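Just so it is clear, the structure is predicted and the values come from calculations on it, not from any experiment. Values below: every heavy atom of this structure, side chains too, minus hydrogens, waters and symmetry copies.
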Amino acid sequence: GSLRVKKTTSNQYSIFVTTNVSSDEVLVVGTRKGFKTVRWTVTTNEIGKITIKTSRALSGYKLTLSYEDEILDVLKIS
């Protein structure tokens with residue numbers, strides 16, 4: 001699986017999730033020292049993709065994509 005993040009506006013981010021998991025739940029967790037941990041549990045489509053849109057400022061966060069306790073990808077947002 002893979003994660004890709006695009007800042008769309010001053011305070012909007014799109015998180016693009018691509019996996020080989022079709023129509024099932026995956027977990028994206030964002031962590032940053034000194035900040036609240038954020039979690040998104042999302043269901044992928046039939047080809048294993050989903051886009052998450054958020055207004056949370058993600059700069060400095062580390063995003064972890066996992067499925068059934070297996071880490072699929074880790075991405076640090078600068």
(request) Rounded to the nearest 0.5 Å, what's the gap from OH on Y61 to CZ on R56? Could you check? (result) 5.0 Å
(request) Answer yes or no: is there a side-chain heavy-atom contact under 4.5 Å between K6 and F16? (result) yes
(message) Less than 4.5 Å apart, side chain to side chain, heavy atoms only: is that true for V29 and L63?
(response) no
(request) List the atom of I71, the atom of T64, and the distance in Å for their closest heavy-atom pair. (result) CG2-CG2, 3.9 Å
(request) With rounding to the nearest 0.5 Å, note down the distance linking CD1 in I15 to CD1 in I77. (result) 6.0 Å
(message) Nearest 0.5 angstrom please: T31 OG1 to R39 CZ, how far?
(response) 9.5 Å
(request) Answer whether the closest heavy-atom distance between the side chains of L65 and V17 falls below 4.5 Å. (result) yes
(message) Between K76 (side chain only) and G60 (backbone N and O only), is there a donor and an acceptor less than 3.5 Å apart?
(response) yes
(request) Quick one: closest heavy-atom pair of S14 and T8, and the distance? (result) OG-CG2, 3.5 Å
(request) Output yes when a side-chain donor or acceptor of T44 lies under 3.5 Å from a complementary backbone atom of S23, and no otherwise. (result) yes
(request) Spell out, as yes or no, whether a donor-acceptor pair under 3.5 Å connects the side chain of S66 to the backbone of E70. (result) no
(request) Hey, could you give me the OG1/CG distance between T19 and N45, rounded to the nearest 0.5 Å? (result) 8.5 Å
(request) Taking T41 for its side chain and L27 for its backbone only, find out whether a donor-acceptor pair lies under 3.5 Å. (result) no
(message) Quick check: do V26 and W40 have side-chain heavy atoms less than 4.5 Å from each other?
(response) no
(request) Enter the distance from Y13:OH to S59:OG here, rounded to the nearest 0.5 Å. (result) 5.0 Å
(message) So, taking the atom named CZ in R32 and the one named OG1 in T37, what distance separates them when rounded to the nearest 0.5 Å?
(response) 12.0 Å
(request) Following the transitive rule for hydrophobic clusters with a side-chain heavy-atom cut-off under 4.5 Å over Ile, Leu, Val, Met, Phe, Trp and Tyr, establish whether V42 and L75 coincide in one cluster. (result) yes
